[in-house]
Participant: 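Please find one structure pasted underneath; my questions will follow.
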Amino acid sequence: MAELTPIDLGGAVLAPPVALAPLAGITDLPFRQLVASFGVGWVVSEMVASQEMVQAKPGVREKAELGLGDGLTAVQLAGREAHWMAEAARMVEANGARIIDINMGCPAKKVTNGWSGSALLREPNHALRLIEAVVGAVKVPVTLKTRLGWDDACLNAPHVARRAEEAGVRMVTIHGRTRCQFYKGQADWAAIRRIREAVSIPVIANGDILDLGGAREALRLSGADGVMIGRGAQGAPWVPAQVAAGLTGGGAPEVPVGTDLVIMVSGHYEAMLTFYGSALGAKVARKHLGWYMDRAGTPADLRSLVLTSPEPARVLRLLPEALAERGAEARAA
């Protein structure tokens, strides 16, 4: 029996309503394409600084590289000024983004010190001006990702979400922590219910959802209409599709093992080398290779060889041994 049904944003249908969350330095085009290949409702880019994108700052536009034809892609924009947010929204819409997501949840000090990300929760009136500028600039659906509030004394997400809905936002995703919690403790899925009750637009639950069991509990406690998965997909890009299948009654993806796993990881590695160039791609790939080897239980000496080798060809030669099955304990990791 299906536990989730598609979400129609008017211009984009999220079917199933299970997404890959935006993760800085992780959800680049190669990883989004890999996760999408298993089957997921939509994928979200890394957070893109709006002004830097419009001004063509090196390295910024690559974060919003869309991969046209790869399905539903949301580009997440961050910023402080309405003008730059609107201009960036127009730019990514013209490049093929199906959804524009506004970041009001990033807790990083370098973001909040510039009064972007979750710092906007402290200035709802200013945040509303940014939202109105983006909604007015594009025809594609605009969504919002935020947190429960700035801190325990400022749990104003229901108020912000209600005003965002009035301004034309089609959906809101809530990470079940305050900004001041950063990523400490456990996400409070039950607290998301207050936002669900404050708006009529769809609400997506986010934070510490790592598998199907966690997704079901998050939905039960929050009353949300869908889930967004971040860390759960690290080293396991099939997890969002597994969760989607379990919540919708659809067919589960085939999880690669053995030779198929080596082929998948090798393909991901080569895609990063192509996307970033060999030198930078090899560095960016290390975190992903590390997560894959964590799951495989790769011995420390072999792991070190894979992560420190300056030669991509050698890394590819080492992967079959590095990803070899090492018993039930490794497979369950």
Participant: If hydrophobic clusters are built by linking Ile, Leu, Val, Met, Phe, Trp and Tyr wherever their side-chain heavy atoms come under 4.5 Å apart, do Val111 and Phe182 end up in the same one?
Facilitator: no

Participant: If every non-hydrogen atom of Trp189 is compared with every non-hydrogen atom of Ser222, which pair is closest and at what distance?
Facilitator: O-CB, 3.3 Å

Participant: Report yes or no: does Arg163 contribute a side-chain atom to a donor-acceptor pair with the main-chain N or O of Ala127 at less than 3.5 Å?
Facilitator: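 The answer is no, because no donor-acceptor pair under 3.5 Å joins these two groups.
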
Participant: Given Gln242 and Val255, is the side-chain contact (heavy atoms from CB on, under 4.5 Å) satisfied, shown in steps?
Facilitator: CA-CA 9 Å; Gln242 282 183 324; Val255 176; 3.2 Å; yes

Participant: Let me confirm one number: the OG-NZ distance from Ser116 to Lys110, rounded to the nearest 0.5 Å.
Facilitator: 12.0 Å

Participant: When you look at Thr112 and Arg179, which way does the side-chain hydrogen bond (donor to acceptor under 3.5 Å, both in side chains) test go after all the steps?
Facilitator: CA-CA 9 Å; Thr112 58; Arg179 182 272 174 182; 3.2 Å; yes

Participant: Using every non-hydrogen atom in the two residues, find where Leu323 and Val262 come nearest and quote the distance to one decimal.
Facilitator: CD1-CA, 4.1 Å

Participant: Does any non-hydrogen side-chain atom of Met228 lie less than 4.5 Å from one of Ile209?
Facilitator: no

Participant: Give a yes or no on whether a salt bridge exists between Glu217 and Arg220, defined as a side-chain N under 4.0 angstrom from a carboxylate O.
Facilitator: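 Yes.
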
Participant: Find out whether Pro240 and Trp42 are in side-chain contact, i.e. whether some heavy atom of one side chain is under 4.5 Å from a heavy atom of the other.
Facilitator: no

Participant: Tell me, do Leu120 and Arg80 make a side-chain contact under 4.5 Å, heavy atoms counted?
Facilitator: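 Heavy-atom side-chain distance check passes, below 4.5 Å.
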
Participant: Grouping I, L, V, M, F, W and Y whenever their side-chain heavy atoms are under 4.5 Å apart, do Val43 and Leu210 come out in a common cluster?
Facilitator: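 As far as the 4.5 Å side-chain criterion goes, Leu210 and Val43 are not connected within one cluster.
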
Participant: Take the angle between the ring planes of Tyr292 and His288 and call it parallel below 30°, perpendicular above 60°, tilted in between.
Facilitator: tilted

Participant: Are Arg314 and Tyr269 in a cation-pi contact, defined as NZ or CZ under 6.0 Å from the six-membered ring centre and within 45° of the axis?
Facilitator: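 Judged by the rule (NZ or CZ under 6.0 Å from the ring centre, within 45° of its axis), Arg314 is not positioned above Tyr269.
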
Participant: Spell out, yes or no, whether Val135 and Leu128 are grouped together once hydrophobic residues are joined by side-chain heavy atoms under 4.5 Å, including indirect joins.
Facilitator: no

Participant: Show the nearest heavy-atom pair for residues Ile99 and Leu9, with the distance to one decimal.
Facilitator: CD1-CD1, 4.1 Å

Participant: On a heavy-atom basis, which atom in Pro253 and which in Trp238 lie closest, and how many Å separate them?
Facilitator: CG-O, 4.0 Å

Participant: Distance-only, no hydrogens or angles: does the Arg170 side chain make a donor-acceptor pair with backbone N or O of Gly10 under 3.5 Å?
Facilitator: yes

Participant: Roughly how far apart are Asn206 CG and His175 NE2, rounded to 0.5 Å?
Facilitator: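 Here the rounded value is 6.0 Å.
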
Participant: Please round to the nearest 0.5 Å and tell me the distance separating atom CG of Asp188 and atom CG of Asp208.
Facilitator: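 So the CG of Asp188 and the CG of Asp208 are separated by 10.5 Å.
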
Participant: Nearest 0.5 Å please: distance from the CE atom of Met104 over to the CD atom of Glu123.
Facilitator: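 So the CE of Met104 and the CD of Glu123 are separated by 10.0 Å.
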
Participant: About how many Å separate OG of Ser278 and CD of Glu270, when rounded to the nearest 0.5 Å?
Facilitator: 11.0 Å

Participant: Are more than 12 heavy atoms from other residues, nucleotides or ligands located less than 6.0 Å from atom CD of Glu254?
Facilitator: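 Atom CD in Glu254 is not packed in, count stays at 12 or less.
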
Participant: Side-chain contact, heavy-atom cut-off 4.5 Å: Tyr276 with Asp28?
Facilitator: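 Yes, at least one pair of side-chain atoms sits under 4.5 Å.
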
Participant: Tell me whether Asn156 contacts the main-chain N or O of Leu121 through its side chain, where contact means a donor paired with an acceptor under 3.5 Å.
Facilitator: yes

Participant: Calculate, to the nearest 0.5 Å, the distance between atoms CG and OG1 belonging to Leu29 and Thr73 respectively.
Facilitator: 8.0 Å

Participant: Strictly below 4.0 Å, N to O, side chains only: are Arg90 and Glu87 in salt-bridge contact?
Facilitator: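 Looking at Glu87 together with Arg90, the answer is yes, because their closest N to O distance falls below 4.0 Å.
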
Participant: Return yes if some donor-acceptor pair links the side-chain N/O of Arg194 with the main-chain N/O of Leu148 below 3.5 Å, else return no.
Facilitator: no

Participant: Main chain of Arg147, side chain of Arg177: is a donor-acceptor contact present, judged purely on distance under 3.5 Å?
Facilitator: no

Participant: Report, as yes or no, whether the 6.0 Å neighbourhood of atom NZ on Lys109 holds more than 12 heavy atoms from other residues, nucleotides or ligands.
Facilitator: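 At most 12 heavy atoms, drawn from other residues, nucleotides or ligands, come within 6.0 Å of this atom.
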
Participant: Under the criterion side-chain contact (heavy atoms from CB on, under 4.5 Å), I'd like the reasoning laid out for Phe275 against Val284: C-alpha separation, chi angles, the key distance, then a yes or no.
Facilitator: CA-CA 10 Å; Phe275 184 69; Val284 174; over 6 Å; no

Participant: Decide yes or no for Leu4 and Pro16: does some side-chain heavy atom of the first lie under 4.5 Å from some side-chain heavy atom of the second?
Facilitator: no

Participant: Under 4.5 Å between any side-chain heavy atoms of Leu77 and Ile100, yes or no?
Facilitator: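 SC-SC contact between Leu77 and Ile100 confirmed.
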
Participant: Do you reckon Leu280 sits in the same ILVMFWY cluster as Met272, going by side-chain contacts under 4.5 Å, direct or chained?
Facilitator: yes

Participant: Which residue in the set Asn103, Thr143, Thr27 passes side chain to side chain donor-acceptor pair (under 3.5 Å) when paired with Gln76?
Facilitator: Asn103

Participant: Between Glu93 (side chain only) and Lys139 (backbone N and O only), is there a donor and an acceptor less than 3.5 Å apart?
Facilitator: yes

Participant: Just so I know, are the side chains of Arg196 and Ile174 near enough to count as touching, which here means a heavy-atom distance under 4.5 Å?
Facilitator: no

Participant: Any non-hydrogen side-chain atom of Pro256 less than 4.5 Å from a side-chain atom of Phe38?
Facilitator: yes

Participant: So, for Thr298 and Ala322, which heavy atoms are closest and what is the spacing to 0.1 Å?
Facilitator: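 Closest approach of Thr298 to Ala322, heavy atoms only: OG1-O, 2.5 Å.
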
Participant: Using the side-chain contact (heavy atoms from CB on, under 4.5 Å) rule, take Leu247 and Leu219 through it: C-alpha gap first, then chi angles, then the decisive distance, then the call.
Facilitator: CA-CA 10 Å; Leu247 295 176; Leu219 290 169; 3.8 Å; yes

Participant: Would Ile131 and Val142 satisfy side-chain contact (heavy atoms from CB on, under 4.5 Å), going step by step from the backbone distance to the final call?
Facilitator: CA-CA 9 Å; Ile131 291 168; Val142 175; 5.6 Å; no

Participant: Shortest non-hydrogen contact from Gly41 to Leu72?
Facilitator: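 In this case the closest contact between Gly41 and Leu72 is O-CD1, 3.5 Å.
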
Participant: Spell out, yes or no, whether Ile195 and Trp150 are grouped together once hydrophobic residues are joined by side-chain heavy atoms under 4.5 Å, including indirect joins.
Facilitator: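 No.
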
